[in-house]
Structures are given as structure tokens and as C-alpha cells.
Amino acid sequence: MTVHAQQLEFLSKILLSLPEKWHGLEDVETRYRQRYLDLIANPETRETFVTRARIIASLRRQLEARGFLEVETPMMQPVYGGAAARPFVTHHNTLDVDLYLRIAPELYLKRMVVGGIDRGSEINRNFRNEGISTQHNPEFTMLEFYQAYTDYEGLMDLSEELLRQVAIDATGGTAVEFNGHTLDFSTLRRLTMREAVQEYWPDAAKPSMEDISNPEWLARHSDKGSPGEALGDIFERVAERHLIQPTIIYEYPVELSPLSKQSVDNPAMVDRFEIYAAGMEIGNAYTELNDPQEQRRRFEMQLEMKQRGDEEAHQMDEDYVRALCYAMPPTGGEGIGIDRLTMLLTGNRSIRDVILFPQLRPEGAIGLARTLRALEAEPAGEAEPAVGLEG
RNA sequence: GACUCGGUAGCUCAGCCGGUAGAGCAUCUGACUUUUAAUCAGAGGGUCGCGGGUUCGAGCCCCGCCCGAGUCACCA
């Protein structure tokens with residue numbers, strides 16, 4: 001084919017050479033630091049972010065169809081809460097107050113429920129001032145949704161429906177390849193935390209369910225201060241990494257769950273579950289504690305833990321307790337980590353591969369000024385090809 | 001924070017026993033005119049992550065540091 005060009009217009013300058021086409025850009029540091037090059041050179045990177053958008057759109061569509069109102073709550077909070085994590089601190093000059101970047105939107109979304117918005121959701125960033133790993137970025141995206149007049153069992157069913165459909169919308173089916181495993185999102189297996197400890201106990205001599213409820217047995221197998229914390233500790237060490245297929249783990253110890261409602265038949269446990277897949281926690285849900293007096297006691301328990309040196313213990317949130325005093329209906333609430341879910345549905349093993357611009361250590365001087373000056377110093381005839389070719 | 005691995009041209013990488021820094025692609029120039037990474041010829045392109053040390057001589061050996069990845073710890 002021959003093109004008879006009558007005019008040629010340059011749209012933009014390109015001053016640095018692009019990565020090679022055949023191998024693409026493989027250096028992971030460059031891929032993260034200069035994501036624009038990664039997107040240009042590696043089509044599969046672009047595809048990951050297209051899929052990420054489909055995942056979020058699917059969740060939005062499904063929640064909207066069920067009557068959830070999408071809202072936005074503060075990212076800058078005078079009191080941080082809703083999770084156990086160290087926060088980032090910033091300062092507002094005019095008000096002269098320190099504010100925390102939120103570690104979770106939970107307490108505001110439940111204030112919303114108190115106000116009569118019975119179904120509400122939020123998809124946005126949380127910030128946690130903690131380690132960076134293949135599963136942790138300091139800012140990450142969380143879907144949280146709250147539904148009045150349901151409980152954690154209702155949320156188990158809802159979670160199953162949401163995840164099955166989001167897998168279909170993102171990948172075309174419910175079977176997803178991840179790290180050598182085929183994950184089946186058509187159903188969620190349900191196990192109690194104690195059942196999981198028993199099932200994945202490493203020795204042939206498995207503990208009985210009575211053992212796993214026995215404070216002495218728990219104390220023997222963990223150095224944590226309370227039976228509940230010990231159970232959580234043992235579960236994480238024994239079972240968590242084996243939870244490859246999407247699984248619901250339920251019945252959590254009350255010590256680990258200051259915002260969850262206690263089980264009717266066992267006050268040591270709360271009506272809470274987490275969703276695991278590929279050995280990762282991707283969701284967390286519970287029947288919300290809606291008794292203001294009990295909530296105040298739980299916060300006080302957290303304050304004691306803080307005084308004993310637990311940096312991640314919950315702060316007292318007086319206004320939240322005040323809100324509960326106006327009555328929060330029985331409510332179920334859930335959070336799903338969008339980044340980790342995207343990892344699973346796109347086959348990426350690092351959270352950095354599903355966050356467009358992940359957090360990295362500062363790069364230091366780039367030294368581009370000299371390069372640009374050198375290019376400018378070149379003779380105009382070489383640097384600027386003729387424009388306006390006549391055919 | 002600990003351990004392991006890595007950092008050489010724009011990109012992907014090689015570099016032996018310590019002896020003049022290489023290839024392919026990309027870029028530029030010329031030729032060619034058959035689109036599906038890869039036609040031919042030629043040219044330009046390097047603070048071998050940074051700093052010290054050993055040595056006649058260090059990309060290579062030693063020490064320190066920086067950056068990254070992975071594993072572990074942490075992240076209930």
C-alpha cells in the first residue's frame with residue numbers, strides 16, 4: 001500500500017526510546033516505577049486494569065440491583081477505627097487538629113445505618129501505616145457494605161452470590177486459575193475457625209473439638225494472653241495458608257472482634273466470618289454489635305489492651321457510641337478487599353500488579369535535566385524533521 | 001527487621017581463571033518495498049547501582065551503603 005500524504009503534522013515529542021517490543025518490559029522495578037512504560041510495552045498489564053475495572057463495575061451493579069446506596073464517608077477522621085491497624089497522621093492548619101487517614105470506613109457507614117439508610121455501600125481507599133508485601137500496600141481499595149435486618153448468615157449467602165457473579169463478569173466463568181490452582185467461585189465452603197484448626201492440624205493426632213475450646217489446651221499451643229487470641233493465632237499458623245479454595249471461616253473469638261455481636265449461645269464467640277482464597281483473607285463480615293452499652297465496654301477493653309502496649313488496639317469513639325444510643329437496627333456488614341480479589345481474578349501474585357501506581361521507596365535523583373539540555377543543543381535540522389510534506 | 005537472590009547500552013541479556021566492555025532488539029543513516037517481533041549494510045550509544053579496599057591491573061575478589069524482588073516476621 002502506498003500512502004499519498006499531503007500533509008504531516010507532529011502531534012507530540014518523544015525524547016526517550018521505548019522498551020523493546022519482543023521481550024516487553026520485564027524489570028519489575030521499572031514496571032512499577034514507570035507504569036506508563038509497562039502499559040505501553042506489556043498488553044497483559046493493560047488487560048489486568050481493564051479486568052479490575054470490570055470487577056468494580058460488577059460489584060457496583062450487583063449492589064445497586066439489591067438496593068444499596070453508594071455513599072462516601074470521611075477519609076480524614078479525628079478518631080480512627082473499624083480495624084486494627086496503625087494509621088497515617090496529618091494536620092489541618094485552620095482547625096489546628098491532627099487527623100487520621102482512615103483505616104476503615106466502618107464506623108461512619110454504621111452511623112449511616114443509624115440514620116435510616118438501611119442499605120449502603122462504599123468503594124474507596126483505606127490507609128494503613130504498616131508493612132509492604134505482595135499482599136499489602138499502604139493504601140488499598142475496600143468495598144464495604146451494610147444491610148439492616150440481616151445477619152452474618154445472610155451475608156454468607158450474599159457473599160457467595162456476589163463472588164460467583166463477579167468471577168463470571170471478570171473472567172467469563174466461575175473457575176479461575178491462580179498460582180497453579182483452579183479456584184472455584186461457584187460456592188463458598190463454610191467451616192468454623194475451630195473446625196479449620198482441626199482439619200489442617202499438621203500431625204496425625206488431631207485435637208478434638210473439645211481440646212480446641214479448652215483454655216488450657218489453647219494456652220499450651222500459643223503464647224497469646226487470652227484463649228480467644230490464642231485460637232486466632234493457632235488458626236493463622238495452622239490453617240490459613242491451606243485455605244486455597246474460596247472458603248468462609250466463621251465463629252471468631254470476641255477478643256479479636258470489638259465491633260461484632262456476640263453469639264447467642266456462646267458469649268466467647270461473635271457472629272463473624274472471613275472469606276479466604278489462595279491462602280489470603282479477602283473479606284471480613286459480621287453481625288454488627290448494636291448495643292451501645294456493650295460497645296462502650298468493648299472499647300474500654302481495647303483501651304486496656306492499648307495501655308498494655310497493643311499499638312493497634314481500637315480507640316474509644318464516643319460519638320459512635322452516642323450514635324448507637326439512638327438505636328441501630330440489627331445489621332450485617334462486610335468488607336471485601338478489591339485489590340486481593342483482583343489478584344485472584346487476574347492471576348497476579350503481587351498486589352503491586354493490580355495497583356496502577358504502587359507505593360515504592362523514593363527513587364532519588366533521576367537526572368533528566370542534562371539529557372534534555374543535550375537534546376536541545378542538537379542542531380535544529382536534525383532534531384526537527386520537515387513538516388508539511390507535499391505528495 | 002532477618003535471610004536469599006539480583007542491579008552491565010533505551011530494552012532483553014552475556015561477560016570464562018582478575019588482563020582493552022559485548023550481542024540481539026531499539027535509535028540514526030543508506031539500500032530495499034514482500035504489514036503480522038525479527039530484509040540488508042553502516043553508525044552512534046556505557047559513572048558496569050554508589051563509596052571505599054586489595055592488586056601492576058577490578059564488571060569480576062573483600063568491606064560498607066543504596067535500590068529492587070522473594071521468603072519469613074509483622075499486618076488480629
Side-chain angles (χ1 to χ4, degrees), chain A residues 1-3 14-34 36-38 40-43 81-87 103-104 126-140 179 193 222-237 239-241 249 252-260 269-270 272-274 276 279-282 284 286 298 301-302 305-306 308 310-314 335 337 339-340 348-353 358-368 370-371 374-375 378-379 381-383 385:
Chain A
M1 186 175 76
T2 302
V3 175
I14 177 166
L15 298 180
L16 298 173
S17 36
L18 293 169
E20 182 204 1
K21 266 192 260 176
W22 179 238
H23 292 90
L25 178 64
E26 297 192 0
D27 182 80
V28 288
E29 184 171 357
T30 309
R31 287 184 47 225
Y32 296 151
R33 285 199 193 281
Q34 298 178 263
Y36 40 92
L37 292 181
D38 188 27
I40 291 168
N42 300 321
R86 282 159 32 207
I103 58 176
N126 290 345
F127 306 85
R128 297 188 185 175
N129 202 341
E130 287 171 349
I132 294 177
S133 77
T134 48
Q135 293 172 36
H136 300 85
N137 194 64
E139 53 180 306
F140 62 100
N179 196 17
M193 182 178 277
S222 171
D223 55 8
K224 298 291 180 187
S226 67
E229 289 168 288
L231 175 58
D233 175 47
I234 294 165
F235 164 76
E236 282 180 18
R237 282 185 287 119
E240 184 170 345
R241 68 175 176 278
I249 298 293
Y252 273 66
V254 65
E255 294 94 324
L256 305 179
S257 316
L259 304 165
S260 311
M269 305 303 262
V270 294
R272 173 183 178 186
F273 68 88
E274 291 193 347
Y276 288 86
M280 282 193 295
E281 178 195 337
I282 60 170
N284 178 23
Y286 35 86
R298 299 278 192 91
M301 190 159 69
Q302 292 287 313
M305 289 165 67
K306 202 174 197 80
R308 289 202 305 266
D310 184 348
E311 282 187 78
E312 299 189 339
H314 229 284
D339 310 279
R340 289 180 181 178
N348 283 296
R349 281 153 67 181
S350 171
I351 199 169
R352 290 178 160 175
D353 292 318
Q359 197 63 49
L360 298 174
R361 216 175 283 268
E363 187 179 3
I366 296 172
L368 198 56
R370 209 183 52 183
T371 307
L375 287 169
E378 278 184 17
E382 288 179 26

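Here is the naming used below: chain letters follow the sequence lines, and residue numbers restart at 1 for every chain.
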Check: Asn42(A) side chain, Leu25(A) main-chain N or O, donor-acceptor pair, under 3.5 Å: yes
Closest-nucleotide 5' rank along RNA chain B - winner of Leu360(A) and Arg272(A): Leu360(A)
Pro258(A), nearest nucleotide to its side chain (from A76(B), A37(B), U71(B)): A76(B)
For atom CD of Glu240(A) and atom C1' of C74(B), their distance in whole Å: 13 Å
Heavy-atom donor-acceptor pair, Asn348(A) side chain to Ser350(A) backbone, under 3.5 Å: no
Sugar-phosphate, base or nothing in reach of Glu236(A), heavy atoms under 4.0 Å: sugar-phosphate
Glu281(A) side chain near Ile249(A) side chain, heavy-atom distance below 4.5 Å: no
Whole-angstrom distance between G7(B) and A14(B), as gauged at atom C1': 15 Å
Spacing between Arg33(A) atom CZ and G49(B) atom P, to the nearest angstrom: 16 Å
Footprint string (nucleotides 2-12 of chain B, 5' to 3'): B base within contact, S backbone only, - free, heavy atoms under 4.0 Å: --------BBS
C1' atoms of C67(B) and U34(B), separation to the nearest Å: 47 Å
Rounded P spacing from A31(B) to G49(B) in Å: 40 Å
Arg31(A) versus Glu26(A), closest heavy-atom pair with distance: CD-O, 4.0 Å
C56(B) versus G68(B) - spacing of their P atoms, nearest Å: 38 Å
Pair pattern of RNA chain B in dot-bracket, where unpaired bases get dots and | marks partners in another strand, Watson-Crick or G-U under 3.5 angstrom: (((((((..((((.....[..)))).(((((.......))))).....(((((..]....))))))))))))....
Whole-angstrom distance between G70(B) and C32(B), as gauged at atom C1': 49 Å
Integer angstrom distance from the P of G24(B) to that of U39(B): 14 Å
Rounded interatomic separation in angstrom, taking CD1 from Ile132(A) and P from G1(B): 12 Å
Thr134(A) and Arg349(A), any side-chain heavy atoms less than 4.5 Å apart: no
Distance between P atoms of U36(B) and G30(B) (Å, rounded): 23 Å
Touch class at under 4.0 angstrom, heavy-atom based, for Glu255(A) against every strand present: nothing
Euclidean distance for C1', G22(B) against G64(B) (whole angstrom): 30 Å
Between P of C67(B) and CZ of Arg31(A), the distance in whole Å: 21 Å
Whole angstrom value for the distance that separates C1' of A26(B) from CD1 of Ile14(A): 11 Å
For the student: nearest non-hydrogen atoms of Phe273(A) and Tyr252(A), plus distance: CA-CE1, 4.0 Å
Check: Gln359(A) side chain, Pro138(A) main-chain N or O, donor-acceptor pair, under 3.5 Å: no
Whole-Å distance separating the CD atom of Glu130(A) from the C1' atom of G1(B): 15 Å
Arg361(A) vs G68(B): side-chain N/O to OP1/OP2 distance below 4.0 Å: yes
4.5 Å side-chain heavy-atom contact, Pro253(A) and Phe235(A): no
Arg272(A) versus Ser257(A), side-chain donor and acceptor atoms under 3.5 Å: yes
Protein-nucleotide distance (Phe235(A), atom CZ; A76(B), atom C1'), rounded to Å: 11 Å
Nucleotide G68(B), atom P - distance to OH of Tyr32(A) in whole Å: 12 Å
Sugar-phosphate only, base, or nothing, as touched by Arg86(A) at under 4.0 Å among non-hydrogen atoms: nothing
Side chains of Ile351(A) and Gln135(A) in contact at under 4.5 Å (non-hydrogen atoms): no
Nearest heavy atoms of Pro19(A) and Leu37(A), plus distance in Å: CD-CD2, 3.9 Å
